[in-house]
Structures are given as C-alpha cells and as structure tokens.
Amino acid sequence: MKIIMLGAPGAGKGTQAKKIAAKYNIPHISTGDIFRANIKNGTELGKKAKTYMDQGLLVPDELVVDLVVDRLNQDDCKEGYVLDGFPRTIPQAEALDGALGKLGQKVDFAIDVDVPDENIIHRMGGRRACVGCGATYHLEHAPTKVEGICDMCGQELILRDDDKPETVKKRLGVYHEQTKPLINYYTTAGILKTVDGTVDIEDVFQAIVNILGE
Ligand code: ADP
Ligand code: AMP
C-alpha cells in the first residue's frame, strides 16, 4: 500500500503516518525527519536544507526528489510506505509519478488531513520535539509522561525554531501557494481522500482506517 499524507504543517500528518506505519507494517518516510537528521549530523545536505527550513521556506525540489526516489528503492519499501511531507509541490508529485511509472507502480491513496489555519497556529505553538530522536508531542493533546522529557529516549523536548509563530505563518502561506494545489492534482488522479483533522487523534486514525481497510 503506497500512501501519501497531505495537509498543512501541523495538521497531524506525522502523528497519523506513524500510526499507519505501525498498523500496516510499512515504513514511515518523512522528508522533514530526513532533513533534520542531516542537520543534526552536519551533512552538506543538512547545511543547505537548514537555510530554507529556518525561514519557513521549502527546500528546492532538486534537493528533495532524488533523495526520496533513492529511499523508495530500498528493500523495505517493496510492500509499500507512507510518505509524510512529500510531495509538497506539483513538480515533486510529477517526479514521484514518473519514478513509480517506470517501475509500473502508482500511489494508492493521498490522504488529506484537513485542519483550518486558525487551529494550526495553536497546534504548532504546543508542539514539542525531542532533541534526540525527533519524536513529537503536544503540550495538551499528546503530552509526555514526564513533562519536558521524551517518552521514547529520555532526552529533552524543545519548540522547533520553525514552529515559532512568525515562521508558522510563513509556512502556512507557502503551504497554500505551493502544496495545496496537490489536492486538485490527486483529486484528478482519483485517489484523494479527505479526513477531518480537527477531531481527536484516535478519531482521525479511525477515519483513515475506514478508508484503508482493516
Ligand atoms: P505535521 O506532521 O502535519 O506537521 P504533527 O503530526 O507533528 O503535524 O502534529 C502537529 C502537532 O499537533 C503535534 O504537537 C501533535 O501532537 C498535535 N496533533 C496531531 N494531531 C492532533 C489532533 N487530531 N488533535 C490535536 N492535536 C494533534
Ligand atoms: P516537516 O517536518 O514535514 O513539516 O518539514 C519541515 C521543513 O522541511 C519544511 O518546512 C521544509 O522546509 C522542509 N521540507 C520537508 N519536506 C519537504 C519537501 N518535500 N519539499 C521541500 N521542503 C521540504
């Protein structure tokens, strides 16, 4: 099963993608996580990506597409995957379709987690990310067992620089301009499914399971 998660930054793509990956036993591939891991490891790609990410801008398509195509060619992707944060532009979607087409494959579902902008600003202000493993939480909606400490690895939680209110506004603008057109793209392709992302995390997940099947 090949699944794409669509939605504004902070809509809950990562939260749901992790649950989908666990239930259907497929890898969760987050381009944001890949870039953050590169930044942490001080790679050339990380240095380049950081300059865009810190400003709330998208990393240029040419730095993203090959990276994702290489990842999808790895063995663990044979049975499918859930892509979180990619594609984010029409050229990225076309490149993905092109790469899959060469292998006689296609995306099965594009799931749009729909959340209005007003909710997003609140969500992002409460999101906390682990400095160690990158796991994300929410102060109110997905709290850790011990305040400020990651449940997974015990390291400290922070507010990501790109989750600060001014950057979130910028990212939302970029989303509307460059990413939202993908809703039409996947509607035309006949694979768009929309879920209400404003309800509880478990209820969003149930709506997704209803689409993907038990
Ligand atoms: P994205 O991957 O789309 O940027 P995340 O999955 O990281 O978004 O979610 C953004 C923030 O909102 C996180 O702090 C997360 O815990 C919280 N969150 C996710 N889904 C919900 C939901 N349905 N209701 C309330 N908060 C949520
Ligand atoms: P995310 O964790 O998915 O919200 O991504 C964080 C940041 O990484 C984004 O704001 C972009 O700067 C960058 N990024 C992640 N995925 C992509 C992508 N597919 N195309 C361009 N930039 C991306």
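Sequential numbering from 1 along the given sequence is applied to the chain's residues. Numbering of ligands and ligand atoms starts at 1, following listing order.
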Tell me whether Ile158 is reachable from Met152 by hopping between hydrophobic residues (I, L, V, M, F, W, Y) whose side-chain heavy atoms are closer than 4.5 Å.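 Not linked; separate clusters.
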Do other residues, nucleotides or ligands put more than 12 heavy atoms under 6.0 Å from the CD atom of Gln206?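 Yes.
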Crowding at CD, Glu147 (>12 non-hydrogen neighbours, <6.0 Å):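 Open.
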Under a 4.0 angstrom heavy-atom cut-off, which atoms of ligand 1 come close to Gly197?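 Answer for ligand 1: 23 (N).
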Which atoms of ligand 1 sit under 4.0 Å from any heavy atom of Tyr137?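 Matching atoms, with element in brackets: 13 (C), 14 (O), 16 (O).
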Among His28, Lys18, Lys13, which residue satisfies the side chain to side chain donor-acceptor pair (under 3.5 Å) criterion with Asp84? His28
Run down the list [options] and name the one with the heavy atom closest to [atom].
| atom | options | result |
| --- | --- | --- |
| atom 10 (C) of ligand 1 | Pro9, Gly85, Gly10 | Gly10 |
| atom 21 (C) of ligand 1 | Thr198, Val199, Ile201, Val204 | Ile201 |
| atom 25 (C) of ligand 1 | Arg128, His141, Met5 | His141 |

Under 30°, 30 to 60°, or over 60°: which ring-plane class applies to His138 and His122, parallel, tilted or perpendicular?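 Because their plane-to-plane angle lies in the 30° to 60° range, the rings of His138 and His122 count as tilted.
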Name the closest protein heavy atom to [atom], giving the residue it belongs to and the distance to 0.1 Å.
| atom | result |
| --- | --- |
| atom 8 (O) of ligand 1 | Gly12 N, 3.2 Å |
| atom 11 (C) of ligand 1 | Arg127 CD, 4.0 Å |
| atom 19 (C) of ligand 1 | Thr15 OG1, 3.4 Å |
| atom 24 (N) of ligand 1 | Arg123 NH2, 3.4 Å |

Quick one about Asp61 and Thr89 (side-chain donor to acceptor, distance below 3.5 Å, no hydrogens or angles considered), yes or no?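 Indeed, the side chains of Thr89 and Asp61 share at least one donor-acceptor pair under 3.5 Å.
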Any idea which heavy atoms bring Gly10 and Ile120 closest together, and the distance? C-CD1, 3.9 Å
Heavy atom of Ala11, distance to ligand 1 below 4.0 Å: yes
For ligand 1, is any non-hydrogen atom under 4.0 Å from [X]'s backbone (N, CA, C, O), its side chain (CB onward), both, or neither?
| X | answer |
| --- | --- |
| Ala8 | backbone |
| Asp200 | backbone |
| His138 | both |

Any N or O on [X] sitting closer than 3.5 Å to an N or O of ligand 1?
| X | answer |
| --- | --- |
| Ala142 | no |
| Gly14 | yes |
| Lys13 | yes |

Student check: side-chain heavy atoms of Leu172 and Ile121 closer than 4.5 Å: yes
Does this structure show an ion pair linking Glu156 with Arg128, if we count only N-O contacts that are shorter than 4.0 Å?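 No salt bridge links Glu156 with Arg128.
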So does Asp76 pair up with Arg71, basic N to acidic O under 4.0 Å? yes
Between Ile4 and the options Leu96, Asp112, Val82, Leu182, the side-chain contact (heavy atoms from CB on, under 4.5 Å) test singles out Leu96
Exactly one of Val69, Val59, Leu58 should register a side-chain contact (heavy atoms from CB on, under 4.5 Å) with Val64. Which one does? Val59
Could you please spell out the steps behind the side chain to side chain contact (heavy atoms under 4.5 Å, CB included) verdict for Tyr137 and Arg127? CA-CA 6 Å; Tyr137 302 90; Arg127 174 155 72 178; over 6 Å; no
Starting from the N and O atoms of ligand 2, find every protein N or O within less than 3.5 Å and list the pair with its distance.
unit_1   : atom_1 : unit_2 : atom_2 : d
ligand 2 : 2 (O)  : Arg36  : NH1    : 2.9
ligand 2 : 2 (O)  : Arg36  : NH2    : 2.9
ligand 2 : 3 (O)  : Arg88  : NH1    : 3.0
ligand 2 : 3 (O)  : Arg88  : NH2    : 3.3
ligand 2 : 4 (O)  : Arg88  : NH2    : 3.2
ligand 2 : 4 (O)  : Arg171 : NH2    : 2.8
ligand 2 : 12 (O) : Leu57  : O      : 2.6
ligand 2 : 16 (N) : Thr31  : OG1    : 2.7
ligand 2 : 16 (N) : Gly85  : O      : 3.3
ligand 2 : 16 (N) : Arg88  : NH1    : 3.0
ligand 2 : 19 (N) : Gly85  : O      : 2.8
ligand 2 : 19 (N) : Gln92  : OE1    : 3.0
ligand 2 : 20 (N) : Gln92  : NE2    : 2.9
ligand 2 : 22 (N) : Val59  : N      : 3.0

Stepwise side chain to side chain contact (heavy atoms under 4.5 Å, CB included) test for Val68 and Gln92: CA-CA 10 Å; Val68 174; Gln92 289 182 16; over 6 Å; no
